[in-house]
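Labels below follow one simple rule: chain letters A, B, ... track the order of the sequence lines, proteins then strands, and each chain is numbered from 1.
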Protein chains: 2
Amino acid sequence: MASSIHDLARHLNISIGTVSRALNGRADVNADTRQRVLEAARELNYSPNQSGRSLRQGATRSIAFMLQPHPGDQEYGEPFFIPFLTGLQAQLAESGLDLIVVMGAPGDYQQERLRRVVETRRADAVVLAWTRREDERIDYLAERGFPFATLGRSRSGGTSYPSLDLDFEKAGSDAVDRLVARGHRRIAAIRPSLNLNFGYLFLDGYRKALQRHGIEVDPGLIAEGFINEAGGYQVTPRVMLSKDKPTAIIFNNDAMALGGCKALAEMGIRPGHDIAVTVIVDTPLCRYFSPALTAFRPALEPMGRRLAEILLAWLPAFAGPEGPRIIREVWPLELIARDSD
Amino acid sequence: MASSIHDLARHLNISIGTVSRALNGRADVNADTRQRVLEAARELNYSPNQSGRSLRQGATRSIAFMLQPHPGDQEYGEPFFIPFLTGLQAQLAESGLDLIVVMGAPGDYQQERLRRVVETRRADAVVLAWTRREDERIDYLAERGFPFATLGRSRSGGTSYPSLDLDFEKAGSDAVDRLVARGHRRIAAIRPSLNLNFGYLFLDGYRKALQRHGIEVDPGLIAEGFINEAGGYQVTPRVMLSKDKPTAIIFNNDAMALGGCKALAEMGIRPGHDIAVTVIVDTPLCRYFSPALTAFRPALEPMGRRLAEILLAWLPAFAGPEGPRIIREVWPLELIARDSD
DNA sequence: CGTTGTTCCGTAAACGTTTACGAGAACACA
DNA sequence: TGTGTTCTCGTAAACGTTTACGGAACAACG
């Protein structure tokens, strides 16, 4: 069915070596011959068998993105990743690399899928997201010497690998600054487990900003829940029942904010009127919610592209003249002021 | 670095043929030898090279899910797919198959990515979603004889391939029935392009139900927009400005509903009070929106598992004793009554 | 005419598997 | 002893590529 390089060779009555060289654009092949090979390739609808190629070259020319759920979170919060993946795939394609997304089973602590990708050499490198503060996946990859990059930072692995992250600390801090400037002093924070590194960073920025403003950090105003709608819904009432009620809430996530706003609605509290609401990571939901939610917007698509560059700069096969470099970047989150605060 | 079957053979001083047979559980190998091979494999941390295996067997043992955006829709509506993919991956894994998700570039009419997967033989079969009424992807795959299954139906390709779909027609019909029973007669429908087959089916059910109730179908109450928040936001006012205003709106999608509800809010119209709102496909957003949106819920995770079964039943290499079968199923959407109607 | 260099191409090995084939050994049976 | 069967294993080819190596043809030059 599918034509191979041998078919081309037979059809043109030349050797497979020449065919391969012609297709790969090597110098030592006559311009005329190359032309004929390319024509025949089109005519016979030839395209290279990836398995054969990978086997010979010891490289698959594909990068795996691990879609690993965070324990307790069924829905992953994936809408977040789509623009990122779009950019990642586009940039990788420019280097002739394929992006494959690998689903992890929910609650897969053992990183079974990651192991499988690495061990069967299905990809030349992997990209991790939702890094945890201590991340066993990073330890695993670093220990094995398998190339990877992360969307997000972690304490694991030090700075031995390239990474890209958003400045959640500054966003947390900016959010507080803005609320304080608008007269708030009782500001709550709804966040996921501190194992999720962005949750940790956000809280850090939040704390430091409060202290900078001379406002005491009240543990009763900080609550932890699953990083989804249910989490926000469960946990928000807890914060609203503290002795001295908050006049503002910062949610770490659009899903948590949605759940939280439902809880508020059930208590008859209206975001934007009775309480200020800020969300750290903006999504279409924030924009189209009523009231529209003030949120911090990431440049996801460009970040996807950039992560591809960063990863490739670290891979010897792709590194430029200066050789492999470990690049780590932290990108800003842009405040989008809307109607909820 | 990575150990091969040759390393095992050398280490045990036996031939690679025997090692391979032992690992693959074939009968013609001594029980004792097999034991030693397995031990050595664990000891040397052996795992088979997927490229070598694929090359020899002519099969990659992986299935590709195409994440193809619909033109004009930036966000894909992917949260919908996550539980589906979870089920799909889980069931495929039970047959030793890997699931890979392939991102298509936005607005990729040429199906470049699909072609690439097929031509480089990166997967043994593909799964398509968001089938269109006339779907060039299906034509392409059918013509090439490449195995595939779809989440959704299409006019393309007839019934020559396995598929799984939701009963959008019945959901549209049920939605109308329910609203009529509650006294509504002016019922609007906000839907995406009729190229998207589920949009077509939904509208069909909607129309037939109206006719069944002796209600004239008013074109002014039917509007088409992108299948995302912006689409719902843009198009909903159009329907509300018709001479004889609707008292109920059915949205084809949670994102369209969100955008539509924002438009309603801006007009001072409250869902659940001033107008009834129904959503065809339920998501966490519907549940946590205020008011909670009445919606039709799909069993996504089981559907993912089922689609794996259906696909495998069609692949000769996996088909049971009866041989390959084309299974096509339509699954129900369960009404979840909430507060918006 | 001999030497050297260049251009182009064929040969064959290698990547890591699986598997058809056949061989040797052990054993049973007549 | 001869024949057949069963169990176990080694040999080697094959999957589709890429690429190191060498050789043929030819040109250029002294």
Side-chain angles (χ1 to χ4, degrees), chain A residues 1-38 40-41 44-62 96 98 116 118-124 317, chain B residues 1-38 40-41 44-62 96 98 116 118-124 317:
Chain A
M1 174 85 233
S3 59
S4 80
I5 214 171
H6 290 90
D7 300 326
L8 290 190
R10 204 169 331 116
H11 184 251
L12 293 169
N13 208 26
I14 59 179
S15 79
I16 60 162
T18 304
V19 174
S20 176
R21 280 188 297 261
L23 292 171
N24 290 351
R26 307 194 82 92
D28 56 346
V29 47
N30 185 289
D32 180 55
T33 325
R34 161 169 301 124
Q35 198 55 38
R36 285 169 48 227
V37 169
L38 293 180
L44 298 191
N45 198 16
Y46 169 81
S47 64
N49 180 306
Q50 188 56 42
S51 299
R53 199 178 244 207
S54 299
L55 179 56
R56 167 64 214 228
Q57 308 201 123
T60 62
R61 298 198 69 83
S62 66
D98 284 333
R116 196 170 157 75
V118 169
E119 289 178 353
T120 61
R121 301 163 196 77
R122 263 191 190 277
D124 298 337
Chain B
M1 176 85 234
S3 60
S4 80
I5 215 172
H6 290 90
D7 300 325
L8 290 189
R10 203 169 333 115
H11 184 250
L12 293 169
N13 209 25
I14 58 180
S15 81
I16 60 162
T18 304
V19 173
S20 176
R21 281 188 297 262
L23 291 173
N24 289 351
R26 305 195 83 92
D28 57 347
V29 47
N30 184 288
D32 180 54
T33 331
R34 161 170 299 124
Q35 197 56 38
R36 285 168 48 226
V37 169
L38 294 179
L44 298 191
N45 198 16
Y46 168 82
S47 63
N49 180 307
Q50 188 58 41
S51 300
R53 195 178 248 206
S54 299
L55 179 56
R56 167 64 214 228
Q57 308 201 125
T60 63
R61 298 198 70 81
S62 65
D98 283 334
R116 197 172 158 71
V118 169
E119 289 178 353
T120 61
R121 302 164 195 75
R122 264 193 190 278
D124 298 338

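A search for side-chain hydrogen bond (donor to acceptor under 3.5 Å, both in side chains) contacts involving A:Arg26 returns nothing, not counting sequence neighbours.
Residue contacts shown for A:Ser4 are limited to sugar-phosphate atoms, with no base heavy atom under 4.0 Å away. A:Gly58 comes within 4.0 angstrom of no nucleic acid atom, judged by non-hydrogen atoms across all strands. Residue contacts shown for A:Thr33 are limited to sugar-phosphate atoms, with no base heavy atom under 4.0 Å away.
When side chains are defined from C-beta on, B:Thr18 does not count as touching B:Leu12, because their heavy atoms never get closer than 4.5 Å. Side-chain contact check for A:Arg36 versus A:Thr33: some heavy-atom pair is nearer than 4.5 Å.
Between the CD1 atom of A:Ile14 and the P atom of D:dA24 there is a distance of 20 Å, rounded to whole Å. Taking atom CZ of residue A:Arg26 and atom C1' of nucleotide D:dA20, one finds them 10 Å apart after rounding to whole Å. Between the CG atom of B:Asp32 and the P atom of D:dC7 there is a distance of 17 Å, given to the nearest Å.
The CD1 atom of A:Ile5 sits 12.5 Å away from the CG atom of A:Leu44 when rounded to the nearest 0.5 Å. Note: A:Thr60 OG1 to A:Arg121 CZ = 11.0 Å, rounded to the nearest 0.5 Å. The NE2 atom of B:His6 lies 10.5 Å from the CG atom of B:Leu8; values are rounded to the nearest 0.5 Å.
A donor-acceptor pair under 3.5 Å is formed between the side chain of A:Ser47 and the backbone N or O of B:Glu119. Side-chain N or O atoms of A:Ser62 include one that pairs as donor or acceptor with a backbone N or O of A:Arg122 at under 3.5 Å.
One end of the helix from C:dC1-D:dG30 to C:dA30-D:dT1 points its axis 60° away from the other end's axis, with each axis taken from 5 pairs and the angle rounded to 10°.
Ranked by how close their nearest DNA chain D nucleotide is to the 5' end, B:Gln57 and B:Asp28 are led by B:Asp28.
Heavy-atom contacts of chain B under 4.0 Å fall on DNA chain C between two terminal nucleotides, which in 5' to 3' order are C:dG16 to C:dA20.
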